[in-house]
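Okay, structure first, notes after.
What you see is a predicted model, and the numbers here were worked out from it, not measured in a lab. Naming: A, B, ... by sequence-line order, numbering from 1 per chain. FYI, side chains are in, hydrogens and waters are out, and symmetry mates aren't considered; it's all heavy atoms of this structure.
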Number of protein chains: 2
Amino acid sequence: MSDGGQAGSAGRVTLRDVAIRAGVAVSTASLVFSGNRPVATSTADRVRAAAVELGYGGPDPMASSLRYGRSGVIAAVVERRILHAFRDPYVVSVLDGLSQVIGEMGCGLLLLPDATEGHGDPGPQVSRIAADAAVFMLCGDENNELATQFAARGVPIVGTGAPRGAGIVQVTADERAASRSLAELLRDLGHRKVGHVTMPLRWGGATGACTIAQVRASHFPDSRDRALGVRDVFPTAALVEAGEPDFDSGHAAAGLLLDARDRPTAIVAQSDLLAAGVVQAAVDRGLRVPEDLSVTGYDGVQLPWFGRSLTTIDQHPLDKGRTVGETVRALLAGEDVSDVTVPVTLRVGDTTGPAPASGAHRLTVDPAD
Amino acid sequence: MSDGGQAGSAGRVTLRDVAIRAGVAVSTASLVFSGNRPVATSTADRVRAAAVELGYGGPDPMASSLRYGRSGVIAAVVERRILHAFRDPYVVSVLDGLSQVIGEMGCGLLLLPDATEGHGDPGPQVSRIAADAAVFMLCGDENNELATQFAARGVPIVGTGAPRGAGIVQVTADERAASRSLAELLRDLGHRKVGHVTMPLRWGGATGACTIAQVRASHFPDSRDRALGVRDVFPTAALVEAGEPDFDSGHAAAGLLLDARDRPTAIVAQSDLLAAGVVQAAVDRGLRVPEDLSVTGYDGVQLPWFGRSLTTIDQHPLDKGRTVGETVRALLAGEDVSDVTVPVTLRVGDTTGPAPASGAHRLTVDPAD
DNA sequence: CGATTCGATCGAATCGATTCGACGCATGTG
DNA sequence: CACATGCGTCGAATCGATTCGATCGAATCG
């Protein structure tokens, strides 16, 4: 039932075989499948019948692509391994929005893990794969070998902040202002002693205290701008860098802040996932959120297992992904495209509250427990 | 600096332009880039220099693919939207393993969300995209239009259980036996009253009680076999179908079981994510795990935010993905490939324990005891 | 009835790179 | 000095489909 036709004797069956069988020219047969010009119904039926008889599965996409100049593939470059990149629901949401739009365009999404971590040779493989456009997500700012290769081949590139480069269209938000608005919220709630958990600032970093100089030197524009936004309001906020953008690192980073002598009354985390880890670290130490500690996140993703509603910056990641997709579409349509700034929303949840009265602040927890 | 060369006048710069500039034949220039036959060093240098001068980005992958017969793209068909599919870390882990192997092969991974939900036309887009092989993950068993299209084009297909079909190589585990071993563990711990939370059994289903007949009729082989494994040991276990394979559905499904008159002493969930939701539902109701309720999962994924160690079947999803990748590699190499059964491991965590003394839950006793 | 128009079909060129047999030139041998 | 060897390069054919101008036949109109 599923084995009609025979792909037997010599190679695969091509359009030419179908045309011969139907007694028409190859060009006519082509028109039947592409529909680019009218064909008499009787002829079309004969061609389709021949195709079925021979088990022809439609025009070969490779040949089609060559002629048409488009492969129908959009490459999405994600950081490191898929497992790492997709641990963060923010990345997944953006990709989802992106995939929706390019899906409507009849294109597919090619996942390209950038394992080079900002340096080194991505290998020859990339040059072998056709892509109509490339999207870079959460990459380092520095020269990216992959981006260079795509650019050399004339493939249009869209980035969400990085890598920067001539001809790379950016879809970004004003991260610094957004981050600042979170800090202002905390300040208005009376917080004066604030800790800040940053996203990774470099490749292969470990979780630990860092300085504002290191922030400034970071190759990751998002991490940098968010930290600077906090600094605008709290110039002396304690800084801890998360080694990975995940729950465990947020948990560990918060531990460093909470176990310090001068425990903060609020912690600003640079992503919702980190913030969830921060909240857990607080709970582990018997601290109540937000009574004893206020926590903010960033991204606005859904964490169903996280039973709280984070105070956060909602980046509307799905919409952001769609915007990236629309940008790709415009680029492929040959339209003039300039950088896009997407709006973000400050969303107040139940993880922030007034700073504890300084008296109550004296409550300490046995760190050994 | 980044705009060397000129792609100006007439179209893109091709290998022919480079060859002319270097004063060699096109075929020779081709050899310089492919390295398939030796070229004199001086000639090669001259060609490379010409390439740089003209801003030639290397051979066009579309033309290359056509000639070579390979696109370097492996399609991975995932269920529904990316957002849904990737909510489950199991899918992400398998894809990660897969991407590692095909990355080593110099191939890329094309994500193809199958939005048809088991029926309907996936649209013409797919036929436009070249793929050397297709991998189906967690799909329905029934005739899949996408699979049919790939098969018609002679694209080799690897599935992890579904869809079934002639010529589709399967990488599966003995789900029924694995599931049975979990149930046996619970039985040996003294549990007699057991609830079972299944993965979705159909498209668009909602969370709610279901019957063994519905399980048997399910198009999802995994859900079916796991449920049958439990039934082998507990023929009368209460069945609840999760509408989605996610935390919230596990939470809701467990609610139905725990709030019933005959509360079970153990719940078998068909995935770790569901199990995490089940544990949360227990905690919400003041039940201790495992003292009051034992919970088991399935998959063996990492859930960093889940502070417990689940008793589960470890599918070694990363290895499974790698195995799928190796299978793809073998198929492309033209080797004879047969179905693969991957090993799984029963891993005992801290979510299972002895059944509470019958006095503690004097409610009812399973007549099948 | 001859000229015009229009729709359907055809042939040939094209997309850009790769492969394969052939050829030229230089070296080494009898 | 004639001849075999071999490396390096070249030209032409090929991968499979699409496009575009040309052609052919039938229908329309004066």
(request) Look through every strand shown and name the nucleotide pairing with dG30(D) as Watson-Crick or G-U wobble, where both distances are under 3.5 Å. (result) dC1(C)
(request) Please report the shortest heavy-atom distance between Ile129(A) and Gly108(B), naming the atom on each side. (result) CD1-N, 3.3 Å
(message) Can you give me the first and the last nucleotide of DNA chain C (5' to 3') that has an atom within less than 4.0 angstrom of a non-hydrogen atom in chain B?
(response) dG16(C) to dA22(C)
(request) Give a yes or no on whether the backbone of Leu31(B) and the side-chain of Asn36(B) come within a donor-acceptor separation of less than 3.5 Å. (result) no
(message) Using side-chain heavy atoms (C-beta onward) and a distance below 4.5 Å, is Val94(B) in contact with Met137(B)?
(response) yes
(request) Would you mind classifying the nucleic acid contact of Thr14(B) as base, sugar-phosphate or nothing, using non-hydrogen atoms under 4.0 angstrom? (result) sugar-phosphate
(message) Testing the basics here: between Arg128(A) and Gly106(B), what is the closest heavy-atom pair and its distance to 0.1 Å?
(response) NH1-O, 4.0 Å
(request) For Val26(A), answer base if it contacts any base atom (sugar-phosphate contacts may also be present), sugar-phosphate if it contacts only those atoms, and nothing otherwise; contact means non-hydrogen atoms under 4.0 Å. (result) base
(message) Need to verify one output field. Residue with the more 5' nearest nucleotide on DNA chain D, Ala29(B) or Leu31(A)?
(response) Ala29(B)
(message) Please list, in numerical order, the residues of residues 32-47 of chain A that have a heavy atom closer than 4.0 Å to any atom of DNA chain D.
(response) Asn36(A), Arg37(A)
(message) Within this structure, what is the CG-CZ distance for the pair Asp96(A) and Phe86(B), rounded to the nearest 0.5 Å?
(response) 9.5 Å
(message) Can you give me the closest heavy-atom contact between Val101(A) and Gly325(A), atom names plus distance?
(response) CG1-C, 3.6 Å
(request) Name the nucleic acid region contacted by Ser64(A), choosing base, sugar-phosphate or nothing; use a 4.0 angstrom heavy-atom cut-off, strictly under. (result) sugar-phosphate
(request) Nearest 0.5 Å please: distance from the CZ atom of Arg329(B) over to the CD atom of Glu335(B). (result) 9.0 Å
(message) Can you measure Ile20(B) atom CD1 to dC10(D) atom C1' for me and round it to whole angstrom units?
(response) 14 Å
(request) Hey, could you give me the CG/CG distance between Leu95(B) and Leu111(A), rounded to the nearest 0.5 Å? (result) 8.0 Å
